[in-house]
Amino acid sequence: MRTTSTPTHCPYCALQCGMALSPLPTGGVEVVERADFPVNRGALCGKGRTAPEVLSSRVRLTSPLVRSGDSLVPATWDEALDRIAGELARVRAEHGADALGVFGGGGLTNEKAYTLGKFARVVLGTSQIDYNGRFCMSSAAAAGIKAFGLDRGLPFPLEDIPKTGCVILVGSNLAETMPPSLRFFNELRENGGTLIVIDPRRTKTAEQADLHLAPRPGTDLALALGLLHLIVAEGRVDEEYVRERTVGWEDARAAAMAHWPEYVERITGVSVPELRETVRLFCEPEAAMVLTARGPEQQSKGTDTVGAWINLCLATGRAGRPLSGYGCLTGQGNGQGGREHGQKADQLPGYRKLDDPAARAHVAEVWGIDPDSLPGPGRSAYELLDALGTDIRSLLLMGSNPVVSAPRAAHVEERIKSLDFLAVCDVVLSETAALADVVLPVTQWAEETGTTTNLEGRVLLRRQAITAPEGVRSDLEVLHELAARLGVEKGFPTEPEEVFEELRRASAGGIADYSGISYERLAQGAGEGVFWPCPAEDVRNGEDGDEAEEKPSGTPRLFLDRFATPDGRARFVPVSHRPAAEEPDDDYPVLLTTGRVVAQYQSGAQTRRVDELNAAAPGPFVELHPRLAARLGAAEGDPLAVVSRRGRAVAPARITTGIRPDTVFMPFHWPGEGRANTLTNPALDPTSRMPEFKVCAVRVEKAALQDRSRTAPGPLQAL
C-alpha cells in the first residue's frame, strides 16, 4: 500500500474529474480533492466521492466463475481461460470467424479498447465487434464528421464556456449527469451570458436557465430548423463567414425555409415568441455555442438533428471562432477515446476508417500482418446484439451490461440467452454477467494504470493507486492469455504503457493522432492532460533550453484556422423534419423519454452496490404530469405500468408539473420490473445506427397492487 496520495481520475462520466486517492490506516483508500485539475477544480459528485466503495471485495468479483448446470461456480484462471479459448476456437471452426462477436464498453481505457479491437481482428479474425458507446454519441459523431471532417466531443475546453455570450444546451441535464460541470454555466450567467435549455422536462439544469424551451420529444430537428428559418428571415446570417468558410449553404437554407415558425410551433409545442426570443439571445452576443447531449442524439433521426444545430452555428458564424462553436457533451467515461482506437465496428486506431485501403495498410504494418487479412466493417451495436444466437454464436463482452442498457432489452436478454457461449469480463456480477458461461474478474480504475480521453478530447493518465485483490487480473492480461491459447504468442503486451506506445504508432497521421503523447508527457506538471490531435512533431516548448514558455497541450481548440475537410471549409448539410419512428396513437397515446438521475450511473451495475447512492435513488419511477395522473386516478407513489409495443415496466408514480402532460419519463438504471429499456424502441438512425432511446409511444395504467413490491429493486436484484 502506498503511503502518499495518488493523483487519478473518477471512473464514471466523461468529465473524468481529477481526484486523488489516499490510503486509510484501516485499509482501502479515500477520495481527496484535487483543486488543481481544471475540469472540476476539486468538485466531485456523490458517485465520484463514493467510487472506492466498489473496490471492496464485498461487492466485486474476486474469482473466475464458470457455469455448471444452472449455476456459476468458482474456477481457476487456467480453467476459465482454457474454456473460453476452447469455445471460441470451436465456434470459429464450425461456423466461421464472423460467428464470433465482441462487445466492448465506453468505460474501457484507451489501451484496453485498442487491444480489444486488435484482438477481434487479428486473433479472432471477426468483423463482428462494436461497443456500447454506439448508444452514447454516435449521432453527434456522424454529424460532426459530415460538417467538420472530424469528431471530437468539444472542440474547445470547458473553461471557454463562461467567456461566451450565450449557450444553447439541447437535451442535457448536466446538473444531474455531470454535476461538477454546472459551475461553468453558472459562471457564464454571472459574467452576463445567457443559458438556454431545451428539454421536455423542467430538470434541475432547466431551473438554472434564463430561458427553458420544452419541446415535444422527438421534435428537436424541427425546432432547430425553425430557429434557422427565423435567422434567415431576420437577416441575422453571417454572409461573409458563410461565403469564406463554408459550402452548401443554399440547399440548407432552402430546407430551413420550409419550416416556418407557426408550423414549427404546431410540431414542437414551442411558441413563436419563444422561438424569436431564442434567436435574439443567441445572435446578439459576439460569441455563442450550441451543446447537444443524448436528448437530440438518441433518435432515429439523430444525425440530421445534430446536423441542423450545426447548421445554426455555421449560418451565424459561430463555429471555428474563439469562444464559439458546436460541441457534444460525451456521456461515458472514455466514450471519446473508446471509439477512436478500434473497438467500433467500422474503425481502426486513430479514428481511421476500416474500409480505407491506406488506413488498413498503415495499421497492418504496425501490427505486422497482411492488410488483406483484416476483416471489413461489421454490425453496429444493436444489430450485433440482435444477431446473437443466429449469425453470431459466441460473444466476448467487456465492460458493458446490455441486459439493462440496450433498447428492447427483454429481446436482447433472450438473444444473449440463446448464444452457444458467452464470456464476460467485469468488475461486478452484472445482470449480463449472471447469464454468462464464464465470468472473469478484472481490475478497475484504481487498480490499474491507463489513459482515458474526456469530453474535451483531453487525454489523461489514470494511475494505479492500490493493488487488486488476489484472484483479479487486468483485461490486458486476459487478452494476452487468450491470444496465446489461440495461437498468437506476440503482439498483446500486458503493460499499459507498452500498449500505449504501440497505439501512438497506430494512430500517427490519423484524425485522432496521439503520436505526440506519452505517459511521461501526461504525468508532467499537474497532470492536466494533452488534447488530441497531437502529432509527434508537436514537441515541448523549451526542451532545448528555452524558458518561460507555457508547455504545449496539443490542440485545445479546433477549427480556428480551417476545418478538417479537404478544402478546409465546413459543410452545411440540408435536413428536413420527419416524425419519430413511433408516434402516439389510440393504443399508445403517450410519449416516453428516458434518462439518468444524479445518484446512479448508466446500467447501475456498480452504483447500485453503493449504500449512499441507493439511499438517494433506491429504484425506478415514472414521472408524469398532474393532468395525466388525474386521468389515471393515480396518486404519488402509486405503482404504474408503462406499456409499449415491446413490453411492460412497473414503477411508482412521481407527479410533477415539470414535465409535459403528453410525456412520461423513466430513468434507465434498474433491472427487473422497473427496467425502462424493456420499453424503448431499437429503430436505428440510418447513418449513425443509434437507437431511438429518447422517444417511443406508450400507454400508462395503474398497476395491480401485487406489483408494488417489485417497483423498487435493491442493489443486487436480479443477480
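Both backbone and side-chain heavy atoms feed into the values below; hydrogens, waters and symmetry mates do not.
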Could you check whether [Y] and [X], counting side-chain N and O atoms only, form a donor-acceptor pair closer than 3.5 Å?
X	Y	value
Thr292	Tyr326	yes
Ser300	Glu692	yes
Thr205	Gln208	no
Thr303	Asp685	yes

Is the shortest side-chain N to carboxylate O distance from [X] to [Y] below 4.0 Å?
X	Y	value
Arg569	Glu244	no
Glu286	Arg318	no
Arg627	Asp662	no
Glu240	Arg245	no

Next item on the list: Check the angle between the aromatic planes of Phe135 and Phe693 and answer parallel, tilted or perpendicular using the 30° and 60° thresholds.
Entry: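 Ring orientation of Phe135 relative to Phe693: perpendicular.
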Check: Are the side chains of Tyr351 and Asp151 in touch, meaning some heavy atoms are under 4.5 Å apart?
Finding: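 Yes, close enough: below the 4.5 Å cut-off.
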Next item on the list: Answer yes or no on whether Arg458 is positioned over the face of Phe37, meaning its NZ or CZ is under 6.0 Å from the six-membered ring centre and within 45° of the axis.
Entry: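 Satisfied, under 6.0 Å and within 45°.
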Margin query: Looking at Phe156, I'd like to know if the NZ or CZ of Arg557 sits under 6.0 Å from its six-membered ring centre while staying within 45 degrees of the ring's axis.
Written below: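 Negative - Arg557 is either too far from the ring of Phe156 or too far off its axis.
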